[in-house]
Amino acid sequence: MLDIQKLRENPDWFQERLKRKKFATNLDEVLELDEARRKAVTEAESARASQNGANQEMASLQKGSPEFIAKIGEMKKLSAITKSLEGAAKDADEAFRAAYMKLPNVPSDESPDGRGDADNVEIRRSGHDHDSYTTARAHFDLPGIDKLLDFERGTKVAGAGFPFYRGDLARLVRVLIGSFLDHNGQRGYSEIAAPLVVNADSARATGQLPDKEGQMYSCREEELYLIPTAEVPVTNFYRNEIIPVADLPLKHSAYTPCFRREAGSWGADVRGLNRLHQFDKVEIVRWERPEDSEAAHLELLGDAEAILQALELPYRVLEICTGDMGFPHSRQFDLEVWAAGQKRWLEVSSCSNFTDFQARRANIRFRREEGAKPEFVHTLNGSSLAIPRVLAALLENGFDGESSVRLPEFLARPFGADSLKLPV
RNA sequence: GGAAGGGUGGCAGAGUGGUCGAUUGCGGCGGUCUUGAAAACCGCUGAGGUGAAAGCCUCCGGGGGUUCGAAUCCCUCCCCUUCCGCCA
């Protein structure tokens, strides 16, 4: 949610910024609905005030006395007026709220303009020369990979995009998850294990609803959604809470499977591990004071990058342009690894600052000092990292051309071997 | 899943139709007293909306209803506790 007071005071400031994003927004409509709502609420409240006043007078009258009887007649009239005005106020409020919730966050002034992913700006690159991977091969074409990564049975059991991982590959997935969590832990992110389903209030708070309704799996019997990312349950952990200022910044790291319907995005580049309906991801989430969030964002990006460096994977950092940015985002960086077999970049992380947008929806606040008015925190999060695409890059880049995949030192110890043998 | 009992301010716990946003206690903050602290005493102590302010309005788990008037009565949903059943 945007700050409605600021929106009223300076609609042009918002209009200018919102039109940089891809979402259609009608600020005038929202402002009109806001005005109508406030007018209706004021009327309803003054009606309620006079009714309350009459009620107080009535309370001091003798029950059953002529004055009492007369007062009831007056009260009935006041009550009818209040009821209808309050009904109108409620309708006006709902109409306003529905439109208001559809407004996306304003992009940061730092974010570059653009219309789509082609306009994202590469801000740095790190890792080996792409030409050095002379024996790389697409992970889905590796010899024997079908025995470790079983899409056919996954399709039989659940559907396309739900693979089985087997043997050492399943174990490697587990090692990746554990290593990422441990790495984040060393950087001050305390581990948290979260529910894999959330209710509608939670999905609204982080901005999945109403924007991405069709992208989440929902349950038939209950109003629950399978989480598309740990961001949703973890950010909502503090929903409707006032965080003691001494606890800020809060930093959590969570592993969860993520479920995405990916409706409409099933295209040519989805082979193998590139795009799945269920995938594992470790997420980091931070709650910050507003004045700290910009620096925290860069630090969080660095935390995610550090894992890619430890994995010795070539990667680049993209600053996401306003036209490619998500609904609740203010500023966003993506991390992409180079998958040398497919010769393409794979997005493995998205590191975002939501400023106070999610915090308003989720009502997550802090108090600067005793007695001060609660203020909204800033929320930030980033993938650290999405497992399948990291795995794809590891498999492709590490393939020795024969029957094994070299593993970086970072993984060799927990995995118990410095390479993964392919069952050729 | 069945039965019973509950959900009130940071916590405990009153309140069963009207002057109740709510008695009281604890905790917290401020003051008096004290060299300082404790004790004692006094005062303050939830969130939100609207407004320049005074004020006004809303919130007693959520939603709906009855009533001139609801924390209080009714319906419904959610949650908690205990017992039984089932179960990783």
Side-chain angles (χ1 to χ4, degrees), chain A residues 1-10 30-101 193-205 209 218-225 233 236-247 257 356-377:
Chain A
M1 276 193 287
L2 303 175
D3 185 335
I4 187 62
Q5 302 205 4
K6 289 204 174 116
L7 183 61
R8 283 200 289 259
E9 282 163 20
N10 208 344
V30 172
L31 288 168
E32 278 165 30
L33 288 169
D34 174 50
E35 205 175 316
R37 159 188 151 265
R38 282 195 295 160
K39 189 161 171 276
V41 166
T42 307
E43 284 171 2
E45 282 186 356
S46 66
R48 172 62 71 176
S50 44
Q51 191 189 331
N52 284 350
N55 190 37
Q56 296 233 348
E57 288 171 38
M58 177 149 193
S60 60
L61 296 176
Q62 171 100 34
K63 248 180 209 164
S65 68
E67 295 87 351
F68 188 87
I69 310 279
K71 204 75 184 170
I72 284 192
E74 187 188 326
M75 289 279 291
K76 277 190 185 182
K77 275 182 221 149
L78 288 173
S79 174
I81 294 167
T82 304
K83 206 160 271 183
S84 90
L85 288 176
E86 284 185 344
K90 194 178 176 186
D91 292 346
D93 190 63
E94 274 165 12
F96 161 73
R97 192 152 289 274
Y100 181 43
M101 288 295 277
L196 305 184
V197 295
V198 292
N199 56 32
D201 283 342
S202 296
R204 254 190 299 275
L209 292 179
S218 56
C219 299
R220 201 191 300 276
E221 308 296 345
E222 325 279 342
E223 203 193 347
L224 292 172
Y225 298 89
N236 275 280
F237 184 77
Y238 293 105
R239 177 147 55 88
N240 288 330
E241 294 193 23
I242 297 177
I243 299 168
V245 68
D247 291 357
D356 61 358
F357 186 83
Q358 291 182 331
R360 277 176 198 285
R361 291 178 163 232
N363 194 30
I364 304 171
R365 295 170 297 173
F366 75 104
R367 226 190 288 269
R368 277 183 199 280
E369 54 200 54
E370 183 88 14
K373 235 178 128 85
E375 295 174 51
F376 293 106
V377 300

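As a basis for the values below, the full set of heavy atoms in this structure was taken, side chains included, without hydrogen atoms, waters or symmetry mates. Letters A, B, ... mirror the listed sequences (proteins, then strands); counts begin at 1.
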Span that lies between the [atom1] atom of [M] and that of [N], in whole angstrom:
{"N": "B:rG55", "M": "B:rG51", "atom1": "C1'", "answer": "8 Å"}
{"N": "B:rG15", "M": "B:rG6", "atom1": "P", "answer": "12 Å"}
{"N": "B:rA38", "M": "B:rG28", "atom1": "P", "answer": "10 Å"}
{"N": "B:rG21", "M": "B:rC59", "atom1": "C1'", "answer": "9 Å"}
{"N": "B:rC68", "M": "B:rC73", "atom1": "C1'", "answer": "16 Å"}
{"N": "B:rC75", "M": "B:rC26", "atom1": "P", "answer": "39 Å"}
{"N": "B:rG2", "M": "B:rG9", "atom1": "C1'", "answer": "35 Å"}
{"N": "B:rG7", "M": "B:rA14", "atom1": "P", "answer": "9 Å"}

Respond yes when some side-chain nitrogen or oxygen of [X] is under 4.0 Å from OP1 or OP2 of [N], and no when none is.
{"X": "A:Arg37", "N": "B:rG49", "result": "no"}
{"X": "A:Arg38", "N": "B:rG49", "result": "no"}
{"X": "A:Lys90", "N": "B:rG64", "result": "yes"}
{"X": "A:Ser79", "N": "B:rU67", "result": "no"}
{"X": "A:Arg365", "N": "B:rG48", "result": "yes"}
{"X": "A:Arg360", "N": "B:rG48", "result": "no"}
{"X": "A:Asn52", "N": "B:rC57", "result": "yes"}

Which nucleotide in the list [options] gets nearest to the side chain of [X]?
{"X": "A:Ala49", "options": "B:rC56, B:rU19, B:rU58", "result": "B:rC56"}
{"X": "A:Gln51", "options": "B:rC68, B:rU67, B:rG49", "result": "B:rC68"}
{"X": "A:Arg8", "options": "B:rC68, B:rC57, B:rG51", "result": "B:rG51"}
{"X": "A:Gln5", "options": "B:rU50, B:rC68, B:rG69", "result": "B:rU50"}

Ignoring hydrogens and angles, answer whether the base of B:rG49 and the side-chain atoms of A:Glu45 contain a donor-acceptor pair closer than 3.5 Å.
->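 Such a pair is found, so the answer is yes.
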Partner of [N] by Watson-Crick or G-U wobble geometry, both contacts under 3.5 Å, or none?
{"N": "B:rC44", "result": "B:rG28"}
{"N": "B:rA37", "result": "none"}
{"N": "B:rG1", "result": "B:rC84"}
{"N": "B:rC79", "result": "B:rG6"}
{"N": "B:rA70", "result": "none"}
{"N": "B:rU19", "result": "none"}

Do A:Lys39 and A:Glu43 pass the salt bridge (Lys or Arg N to Asp or Glu O under 4.0 Å) test, and can you show the C-alpha distance, the side-chain angles, and the key distance before you say yes or no?
-> CA-CA 6 Å; A:Lys39 189 161 171 276; A:Glu43 284 171 2; 3.8 Å; yes
Roughly, in whole Å, what's the span from [atom1] in [X] to [atom2] in [N]?
{"X": "A:Glu86", "N": "B:rG49", "atom1": "CD", "atom2": "C1'", "value": "14 Å"}
{"X": "A:Glu375", "N": "B:rG48", "atom1": "CD", "atom2": "P", "value": "11 Å"}
{"X": "A:Asn55", "N": "B:rG18", "atom1": "CG", "atom2": "P", "value": "10 Å"}
{"X": "A:Glu94", "N": "B:rG64", "atom1": "CD", "atom2": "C1'", "value": "13 Å"}
{"X": "A:Ile72", "N": "B:rG69", "atom1": "CD1", "atom2": "C1'", "value": "9 Å"}
{"X": "A:Glu241", "N": "B:rG10", "atom1": "CD", "atom2": "C1'", "value": "13 Å"}
{"X": "A:Lys71", "N": "B:rU19", "atom1": "NZ", "atom2": "P", "value": "15 Å"}
{"X": "A:Asp3", "N": "B:rU50", "atom1": "CG", "atom2": "C1'", "value": "15 Å"}

Which value, rounded to the nearest 0.5 Å, describes the distance between [X] atom [atom1] and [Y] atom [atom2]?
{"X": "A:Phe357", "Y": "A:Asp3", "atom1": "CZ", "atom2": "CG", "result": "12.5 Å"}
{"X": "A:Met75", "Y": "A:Met58", "atom1": "CE", "atom2": "CE", "result": "5.5 Å"}
{"X": "A:Gln51", "Y": "A:Arg48", "atom1": "CD", "atom2": "CZ", "result": "5.0 Å"}
{"X": "A:Leu61", "Y": "A:Gln56", "atom1": "CG", "atom2": "CD", "result": "12.0 Å"}

Work out which heavy atom in A:Ala359 is nearest to a heavy atom in A:Val377; give both atom names and the distance.
->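 Here A:Ala359 and A:Val377 meet closest at CB-O, 3.1 Å.
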From CA spacing to verdict: salt bridge (Lys or Arg N to Asp or Glu O under 4.0 Å), A:Glu9, A:Lys6 = CA-CA 5 Å; A:Glu9 282 163 20; A:Lys6 289 204 174 116; over 6 Å; no
Evaluate salt bridge (Lys or Arg N to Asp or Glu O under 4.0 Å) for A:Asp93 paired with A:Lys90, printing each intermediate quantity in order.
-> CA-CA 5 Å; A:Asp93 190 63; A:Lys90 194 178 176 186; over 6 Å; no
Taking for each residue the nucleotide of RNA chain B bearing the nearest heavy atom, is the 5' side occupied by A:Ser46 or by A:Met75?
->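 Checking each residue's closest nucleotide, the 5'-ward one belongs to A:Ser46.
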Specify the residue among A:Phe68 and A:Ser50 whose closest nucleotide of RNA chain B lies further upstream toward the 5′ end.
->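 The residue closer to the strand's 5' end, by nearest nucleotide, is A:Phe68.
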